[in-house]
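Here the structure comes first, spelled out in structure tokens, and everything after it is commentary.
All of these numbers come straight from a predicted model, not from anything done at the bench.
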Amino acid sequence: MDTKTAKIRELNDNLRIRFIGGLLVFSAGVSAESPELRAKIVQAMQKFRNFGPENDPYGEHDFGKINVEGSEYFWKIDYYDLDYRFLSPDAADPAVTRRVLTLMKTDEW
């Protein structure tokens, strides 16, 4: 793995696991769940380690699918410029990147 990919992975893991370095956004479907279920969904996302070629082809840890109480959820990290208007020019550089982690029900994709 090259150093740029390793840096992106580190920044993504920091956001997903520790909520450092970006925003966490719930979809309408996740927002409608009870606070207790939302907490379980977030905890499952934080504990997610099942990365492989089918969900992490670039090794960036930017996507995952979890199952909580019989329902499936996706989480996805996107990289924006500082104004959240365009894609980041360099996802490995936090000085020019705003990360957004979206947590959604799979049927909202």
4.5 Å side-chain heavy-atom contact, Asp62 and Tyr79: yes

Which pairs count as salt bridge (charged side-chain N to carboxylate O under 4.0 Å, His left out) when at least one residue sits in residues 17-45, sequence neighbours excluded? Glu33-Lys105, Lys40-Glu69

Compare all side-chain heavy atoms of Thr102 with those of Trp75 and state whether any distance is below 4.5 angstrom. no

Checking Ser88 now: which residues fulfil side-chain hydrogen bond (donor to acceptor under 3.5 Å, both in side chains) with it, not counting sequence neighbours? Thr97

The complete set of salt bridge (charged side-chain N to carboxylate O under 4.0 Å, His left out) pairs with one or both residues in residues 90-101, sequence neighbours excluded, reads Lys4-Asp90

Should the pair Trp109 and Phe74 be assigned to parallel (<30°), tilted (30 to 60°) or perpendicular (>60°) ring geometry? perpendicular

Residues which pass side-chain hydrogen bond (donor to acceptor under 3.5 Å, both in side chains) with Asp83, listed by chain and number, not counting sequence neighbours: none

Has the side chain of Arg49 got a donor or acceptor atom that lies under 3.5 Å from a matching backbone atom of Gln46? yes

Restricting to side-chain hydrogen bond (donor to acceptor under 3.5 Å, both in side chains), what partner residues turn up for Glu54, sequence neighbours left out? none

What verdict does the side-chain contact (heavy atoms from CB on, under 4.5 Å) test give for Phe51 and Phe63, after you've listed the backbone C-alpha separation in whole Å, the side-chain angles of each residue and the deciding distance to 0.1 Å? CA-CA 8 Å; Phe51 294 102; Phe63 178 85; over 6 Å; no

How far does CG of Asp81 sit from CG of Leu87, to the nearest 0.5 angstrom? 8.5 Å

Going by side chain to side chain contact (heavy atoms under 4.5 Å, CB included), Leu15 matches just one of Val100, Leu101, Leu23. Which one? Leu101

Would you compute the distance between atom OG of Ser34 and atom CD1 of Ile41 and round it to the nearest 0.5 angstrom? 8.0 Å

Is any side-chain heavy atom of Val68 less than 4.5 Å from a side-chain heavy atom of Leu37? yes

By ring pair (Phe, Tyr, Trp, His ring centres under 6.0 Å), which residues pair with Tyr80, not counting sequence neighbours? none

Does the side chain of Asp78 reach to within under 4.5 Å of the side chain of Lys76, using non-hydrogen atoms? yes

Given the rule in the side-chain contact (heavy atoms from CB on, under 4.5 Å) test, do Leu24 and Phe19 qualify, once you have shown the distances and angles that lead to the verdict? CA-CA 7 Å; Leu24 173 61; Phe19 308 123; 3.7 Å; yes

